[in-house]
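Every chain is numbered from 1, with letters handed out A, B, ... down the list of sequences.
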Amino acid sequence: MEQFVQQLVNGIMAGSTYAVVALGFGLVFSVMRVVNLAHPEIFMIGAYVAFVVITGLKVPGQGLGVLAAVALFVGVLLVAMLATGVAGLVLERLVIRPTRGTYILTPFIATAGVSIALQNTAQRLFGPDPVRVPSVIPPHTFMLSGVRVTSMQLTTFLTAVAIMLALRYYVHSTRWGRATRAVAEKPDVAAACGVNVNLVSQLTVSIASIMAGAAGVALGLLYTSAAPFMGLLFGLKSFICMLVAGNRHIEAIMAVGLLLGVVEAMVTGYVSSNLRDAVAFALLLAVLFFRPQGLFGSYEV
Amino acid sequence: MSNSLLAHLPAFWVVTLITAGLNAIITMGLYFSNSAGALSACHAALAGVGAYVAAVLTTNFDWPFPVALLAGTVTGFATGMLLALVTLRMNELVAGLTTLAFGETIVIIAFNLDYIGGANGFIGIPLQTTFDAVYPLLALVVFAAWRFDRSRLGYAARACRDNPHAAAAMGINVPRVKTLVFALGSGIAGLGGGLRAHYVLVQNPDDMGFFFSINYLIFWVFGGSYTFWGPVFGAMFLTVLPELLRFSLYDRFIIYGVILTAIVIVRLQGVITRVPLGRRPAFVAWLSRLWRRPVPSASLGQSQGGR
Amino acid sequence: MQRWLIGFGIGMLTLTLAGRDARLAADERVVHFFQVNALTGQSGSYGTRSIHGVELAAKHINDAGGFTDTCGNKYTIKLSVWDMANSREQAIAGLRKAADDPTVLAALGSTPSTGFAAMEPVAGQVKTPIIATGSAVPIKKWNPYAFRVTIATPVAAPYFLKQFKEMFHPKRVAIIYDITQDAQRAEAELIRDLASEIGYEIVAFEAFRANDTDFRAQLTTIKGISPEWLGVYAAVPEGSKIINQMDELGLLGKVNIFTGYGVFQDPTYWDLSNGKIKGAVNWAVAFNLASSDPLMQKVVADYKSFPEEPTIYSVYGYQALQVAVDAVKRACTATDREKFRDALAETKLEALAGSVAFHSPRSEPNGENQAGSVIISRITGRDSYELLE
């Protein structure tokens with residue numbers, strides 16, 4: 001029984017790592033129908049920024065009080081989010097705006113080119129090896145009747161929840177969020193009503209990139225490493241999360257991410273570890289067959 | 001390995017040109033498959049299926065190469081037909097995602113099948129593909145695409161792509177056309193895969209994954225998805241480009257990514273949007289009259305753009 | 001549009017013709033080795049190290065004034081590098097380019113198996129010897145021109161397992177391995193297959209794929225079974241995450257860890273796992289970066305001119321050049337590939353990290369390193385280990 005609960009917890013934590021990248025991905029896709037293949041690379045930029053800041057400040061890995069650690073974590077988060085926000089702005093202006101709206105694949109391959117360039121730039125700048133990102137959160141394992149969760153895992157989970165809540169607040173309760181929803185449902189009508197679609201597009205990509213930066217910091221600290229190609233695996237799994245979740249609700253992506261993590265953990269633990277990656281695709285296939293509009297519905301089928 | 005046509009070219013350019021030709025064949029398969037409105041995100045897997053079949057037949061059963069290649073093509077055709085039938089009633093986006101999932105499923109199956117080598121890949125394939133095998137076949141495929149564009153099937157496919165309801169109202173059997181066209185494209189991909197397997201001499205499940213399918217999609221969209229010259233150009237240009245960039249040992253792919261993105265932004269509709277030779281040359285017009293099919297007016301070649 | 005295309009065509013043609021190498025007159029005094037390896041892409045860390053290892057070896061020899069063969073000729077070494085970027089076709093293109101250039105004697109590389117698996121048959125076709133520096137992919141049928149200095153699993157693992165049994169008497173062994181990497185998978189499967197023969201029990205056999213980041217599900221299963229020993233067969237990025245997650249799950253103190261290929265001796269592994277691999281056991285090629293061997297100390301010192309730290313792949317690269325130079329000495333030629341290959345086929349050399357021996361007659365070619373000395377060590381520090389056998 002303890003093992004079952006441990007696997008469940010493993011799954012939820014792993015799922016939150018997928019969700020944290022998928023949220024930004026999904027935002028851009030649902031609002032602009034653009035698959036931003038450079039999103040995982042922006043996430044990677046966030047992790048590398050964390051590396052640069054933490055090693056640059058020569059922060060000691062242990063021995064920080066909880067308050068200082070949290071303050072440092074938030075500080076690093078802010079710097080990374082600023083950097084990736086700017087990157088997202090540039091990406092939107094240069095690459096996404098000219099290519100969106102034409103054919104669904106054109107921004108896809110334009111951002112694919114950007115992602116190739118970014119991966120290789122990271123490899124050139126930081127070397128092909130993964131670099132060690134010292135964790136600022138004091139590593140502490142919480143044990144609850146034999147089930148173990150670490151502080152960094154919890155931080156990642158909380159970051160994912162925070163991102164989701166922030167996005168939800170943005171989309172539902174701010175003026176620009178409403179404009180974003182309008183553009184997502186019917187861009188022509190929104191434009192006719194005076195919404196500045198270009199500005200919405202810029203905001204969306206920037207916000208998604210800021211989220212990617214936060215995700216990069218969280219996961220870089222969780223795995224205490226950053227590598228040039230770390231975006232690849234997360235990119236694919238988050239892409240699937242986003243597709244399975246549907247367009248309608250941003251919370252859906254988080255839910256699907258957690259679901260995917262849990263199902264993977266259960267299959268790995270109780271069936272066979274060979275099938276772990278098959279789970280994601282099986283889930284995708286199942287949803288596509290039985291509920292093609294996504295698990296939680298979408299604006300259009 | 002004698003390449004009679006190009007004995008004077010440096011050998012590594014021959015390798016690059018052969019690779020470009022192979023990519024072009026598979027991308028032409030993508031062109032066929034997508035011409036009825038489908039979006040195939042698994043073409044590397046379809047090529048891989050044909051590759052495995054052809055490779056197993058030549059290596060384990062000593063079949064002659066052309067026959068094995070044909071078998072690979074037919075297997076690709078059948079797999080594509082299966083996939084098309086599965087995605088028939090689906091909305092465009094969902095169908096595309098199903099092809100993605102299908103491709104990855106094929107990869108996972110290949111990983112777990114020890115007969116074909118499992119994760120080690122299938123090795124020991126005899127070398128059969130030469131320049132003289134690839135380019136004539138590519139020319140054949142391009143010719144087939146040219147005829148396809150002007151055939152009833154081609155028109156029907158484009159009609160299905162542009163407006164399936166109107167097409168159905170006109171009497172076109174939309175499911176049949178979509179399935180047939182997708183299967184044709186998968187067969188060509190199988191052909192390309194078989195050729196590649198007998199060139200690289202190793203066939204690995206990794207080579208069939210989503211990443212490689214994206215590559216073919218990039219070639220197709222980059223080159224121009226409107227005409228059949230687009231995929232050929234896209235595949236060849238983007239295969240040759242990293243080789244041209246070898247002057248920069250470490251930054252090759254950074255420059256490649258930038259060039260790719262820049263060209264896509266500048267030419268949103270793809271690099272090639274019309275048959276590049278403009279008006280039909282008189283010779284071609286004379287040839288078509290020989291076919292004695294009712295040939296539409298001379299503007300056929302030019303205005304195939306416009307979606 | 002038309003003009004654009006014609007211009008492009010002319011440009012292509014020009015570049016193609018310009019690419020025809022000026023055929024250098026073959027110079028007997030300079031021996032030219034052509035490296036085909038991965039500088040960029042996902043295998044970049046291995047290929048770069050191998051290339052730097054070769055370059056360091058060449059530098060050592062050239063700085064000493066070159067080397068002399070058994071017939072009295074003096075040579076200096078020239079190196080070229082070709083990046084294969086994880087693509088089989090580019091690896092083949094590189095080898096073809098090497099073959100095409102009459103000044104090139106042999107090709108060195110590649111380290112990633114994607115490259116070597118594709119290059120091995122081509123070596124036979126173009127009759128250019130290649131010496132691989134780290135691939136362990138199983139080769140069905142060797143051709144006379146392909147060799148590798150790597151110690152492969154079929155040679156090392158059975159020896160390791162026998163010593164392992166005698167030293168530690170394991171009963172319950174679990175394995176977590178990377179199913180997508182041939183070296184790791186081959187060894188994991190070999191350990192499983194030899195279980196009854198050697199006398200231990202495989203209680204868990206968990207797989208994962210390259211680029212995976214979360215292994216807790218597999219580790220929780222393993223923890224539930226309580227093995228004594230856990231074999232961690234992964235590359236540095238995944239392996240370090242496995243070790244960290246083992247610690248987080250409380251598994252680290254409860255099992256002993258072992259692996260192959262000297263992976264634990266990589267300083268990056270120590271860094272990324274925060275030193276938690278202390279006490280783990282591995283078999284490795286007999287290389288010790290902290291050894292008192294003067295050549296090894298010189299290599300470690302001079303390697304500081306490169307941006308990364310040396311690991312086993314750097315050593316393989318260094319050894320490959322040593323082996324090649326030794327063969328040139330015996331063959332007395334810098335351009336005759338056939339003579340070079342025949343000399344290479346009978347190599348018996350004490351290289352940087354143990355012996356390298358090939359026995360590859362043309363009738364029955366076999367490019368494996370027959371003599372690699374394998375050591376079994378326990379990790380005691382970032383760059384230090386304790387020799388167990």
Side-chain angles (χ1 to χ4, degrees), chain A residues 2-11 13-15 17-18 61 119-120 123-124 127-135 139 141 143 146-153 219 222-225 227-234 236-237 261-262 264-270 272-277, chain C residues 38-49 85-86 175-177 179-180 204-225 235-241 243-245 247-251 266-274 306-309 311:
Chain A
E2 167 198 308
Q3 195 176 358
F4 177 78
V5 178
Q6 177 73 63
Q7 293 284 31
L8 196 62
V9 169
N10 291 342
M13 294 305 156
T17 65
Y18 302 143
Q119 283 165 0
N120 283 280
Q123 195 171 41
R124 192 83 171 88
D129 290 320
V131 293
R132 182 165 172 268
V133 181
S135 177
T141 310
M143 290 228 337
V147 173
R148 292 164 167 258
V149 182
T150 63
S151 47
M152 204 52 229
Q153 280 183 297
L219 292 186
L222 176 66
Y223 294 116
T224 63
S225 72
F229 293 98
M230 66 192 288
L232 280 182
L233 177 86
F234 288 109
L236 191 53
K237 292 258 170 80
V262 168
E264 272 189 355
M266 290 304 157
V267 167
T268 308
Y270 293 104
S272 159
S273 50
N274 289 7
L275 296 177
R276 188 201 191 130
D277 286 309
Chain C
L39 267 178
T40 61
Q42 297 192 50
S43 309
S45 47
Y46 311 119
T48 313
R49 289 196 163 82
N86 230 26
I175 303 204
I176 180 168
Y177 70 103
I179 199 171
T180 54
F205 198 66
E206 298 292 321
F208 62 89
R209 296 180 65 165
N211 288 329
D212 271 357
T213 51
D214 190 276
F215 308 95
R216 283 173 239 263
Q218 290 96 324
L219 290 173
T220 309
T221 310
I222 291 177
K223 185 178 169 196
I225 295 184
V236 172
E238 293 84 23
S240 54
K241 295 191 175 80
I243 304 288
N244 283 332
Q245 288 167 17
D247 186 33
E248 287 165 11
L249 284 173
L251 191 54
D266 185 339
T268 326
Y269 213 119
W270 179 275
D271 286 339
L272 287 175
S273 64
N274 294 313
F306 298 117
E308 78 273 350
E309 304 212 30
T311 67

Heavy-atom closest pair, residues A:L232 and C:Q42: CD1-NE2, 3.3 Å

Counting only non-hydrogen atoms closer than 4.5 Å, does C:Y46 touch chain A with its backbone (N, CA, C, O), its side chain (CB onward), both, or neither? neither

Given the options A:A265, A:G11, A:P130, which has more heavy-atom pairs under 4.5 Å with chain C than any of the others? A:P130

Look at atom OH of A:Y270 and say whether more than 12 heavy atoms of other residues, nucleotides or ligands are closer to it than 6.0 Å. yes

Pick one of side chain, backbone, both or neither for A:Q3, based on which atoms fall under 4.5 Å of a heavy atom in chain C. both

Of all the heavy-atom pairs spanning A:P128 and C:T48, show the shortest one and how long it is. CG-OG1, 4.1 Å

Side chain to side chain contact (heavy atoms under 4.5 Å, CB included) test vs A:Y223 passes for just one of C:N244, C:D214, C:L272, namely C:D214

Is there a side-chain contact between C:E309 and A:D129 (heavy atoms, below 4.5 Å)? no

Can you give me the closest heavy-atom contact between A:L222 and C:R216, atom names plus distance? CD1-NH2, 4.2 Å

Any heavy-atom pair between the side chains of A:M152 and C:E248 that's under 4.5 Å? no

Interface moiety of A:A14 toward chain C, non-hydrogen atoms closer than 4.5 Å: both

Is it the backbone or the side chain of A:T268 that comes under 4.5 Å from a heavy atom of chain C, or both, or neither? both

Euclidean distance, C:N211 CG relative to A:F234 CZ, rounded to 0.5 Å: 10.0 Å

C:K241 and A:S225: which non-hydrogen atoms are nearest, and at how many Å? NZ-OG, 3.6 Å

What residue in C:V236, C:D271, C:L249 has the most heavy-atom pairs under 4.5 Å with chain A? C:L249

When the 4.5 angstrom heavy-atom criterion is applied to C:D212 and chain A, the contacting part is both

Of the backbone (N, CA, C, O) and the side chain (C-beta and beyond), which part of A:T141 lies under 4.5 Å from a heavy atom of chain C, both, or neither? side chain

By a 4.5 Å heavy-atom criterion (distance strictly below it), what part of A:Q153 contacts chain C: side chain, backbone, both, or neither? side chain

Can you find a pair of side-chain heavy atoms, one from C:T268 and one from A:R132, that are under 4.5 Å apart? no

Side chain from CB out, backbone as N, CA, C, O: work out which of these in A:V131 comes under 4.5 Å of a heavy atom of chain C, or both, or neither. backbone

With chain A, the option among C:L219, C:T40, C:I179 that has the most non-hydrogen atom pairs under 4.5 Å is C:T40

Could you report the tightest heavy-atom contact between A:Q6 and C:T220, atom names first, then the distance? CG-CG2, 3.3 Å

Modelled atom types, side-chain donor and acceptor of A:T150 and C:Q245, under 3.5 Å: no

